[in-house]
Amino acid sequence: MNNKLKTPEVEQLFDAILSLENKEECFAFFEDICTINELLSLSQRFEVAKMLREHRTYLDIANKTGASTATISRVNRSLNYGNDGYDKAFERLNLLNEKNE
């Protein structure tokens, strides 16, 4: 983990996020804390990561998501050399989806 991120303020933010109990609370919190564009950018990056894991091409991803090739490249770098945060989230989402089927 990047030590620049490990501040008391960031830890407090993460604690607040982890305290949310459902999607409705997440929508309310993130709508208050983020601009619409910031939230859409975060969700776009998550979709880009999903598509990269599906081995989709940059062109296909850019056309579907509207993400720039710079954004796609940055997400790809995080997937390949990051802290496995995307992988953990996708793994848990898959388990959740399997449980709900």
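These numbers come from a predicted model, not from an experiment.
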Q) Just wondering, do Met51 and Thr65 contact through their side chains at under 4.5 Å, heavy atoms? A) yes
Q. For Ser41 and Arg45, does a side-chain donor sit closer than 3.5 Å to a side-chain acceptor?
A. no
Q.
Tell me whether the count of non-hydrogen atoms from other residues, nucleotides or ligands lying under 6.0 Å of CD in Gln12 goes above 12.
A. no
Q: To the nearest 0.5 Å, tell me how far Gln44 CD sits from Asn37 CG.
A: 10.5 Å
**Q.** Glu31, CD atom: more than 12 neighbouring heavy atoms under 6.0 Å
**A.** no
**Q.** Backbone of Ala70 reached by a side-chain donor or acceptor of Ser73 within 3.5 Å
**A.** no
Q.
Within the supplied structure, the quantity of interest is the number of heavy atoms (other residues, nucleotides, ligands) at a distance under 6.0 Å from Phe27 CZ; does it exceed 12?
A. no
(Q) What I'd like to find out is whether the side chain of Glu47 reaches to under 4.5 Å of the side chain of Lys64, using heavy atoms alone. (A) yes
Q: Determine, using the 4.5 Å side-chain heavy-atom cutoff (strictly less than), whether Ile72 and Leu42 are members of one ILVMFWY cluster.
A: no
Q) Is Phe30 reachable from Leu13 through a run of hydrophobic residues whose side-chain heavy atoms are each under 4.5 Å from the next? A) yes
Q: Kindly give the heavy-atom pair with the smallest separation between Glu25 and Glu21, and that separation in Å.
A: OE1-N, 2.7 Å
**Q.** Value rounded to 0.5 Å, distance of CG in Leu18 from CZ in Phe14
**A.** 8.5 Å
Q: Could you tell me whether Ile36 atom CD1 has more than 12 heavy atoms of other residues or ligands within 6.0 Å of it?
A: no
Q.
Using 0.5 Å steps for rounding, measure from the CD atom of Glu98 to the CG atom of Asn94.
A. 6.0 Å
Q. Step by step, would you call Asp84 with Lys88 a salt bridge (charged side-chain N to carboxylate O under 4.0 Å, His left out)?
A. CA-CA 6 Å; Asp84 299 325; Lys88 181 65 70 181; over 6 Å; no
Q. Does a side-chain heavy-atom distance below 4.5 Å link Ser68 with Thr71?
A. yes
Q: State the CG-CZ distance between Asn63 and Arg56, to the nearest 0.5 angstrom.
A: 10.5 Å
**Q.** Full working for side-chain contact (heavy atoms from CB on, under 4.5 Å) between Leu79 and Arg53
**A.** CA-CA 8 Å; Leu79 284 171; Arg53 289 189 76 210; 4.3 Å; yes
Q) Going by heavy atoms in the side chains, are Tyr58 and Val48 under 4.5 Å from each other? A) no
Q. Would you find a donor on one side and an acceptor on the other, under 3.5 Å apart, between the side chain of Asn83 and the backbone of Gly85?
A. no
Q. Do Leu40 and Val75 share a hydrophobic cluster, counting only Ile, Leu, Val, Met, Phe, Trp and Tyr and linking them when any side-chain heavy atoms are less than 4.5 Å apart?
A. no
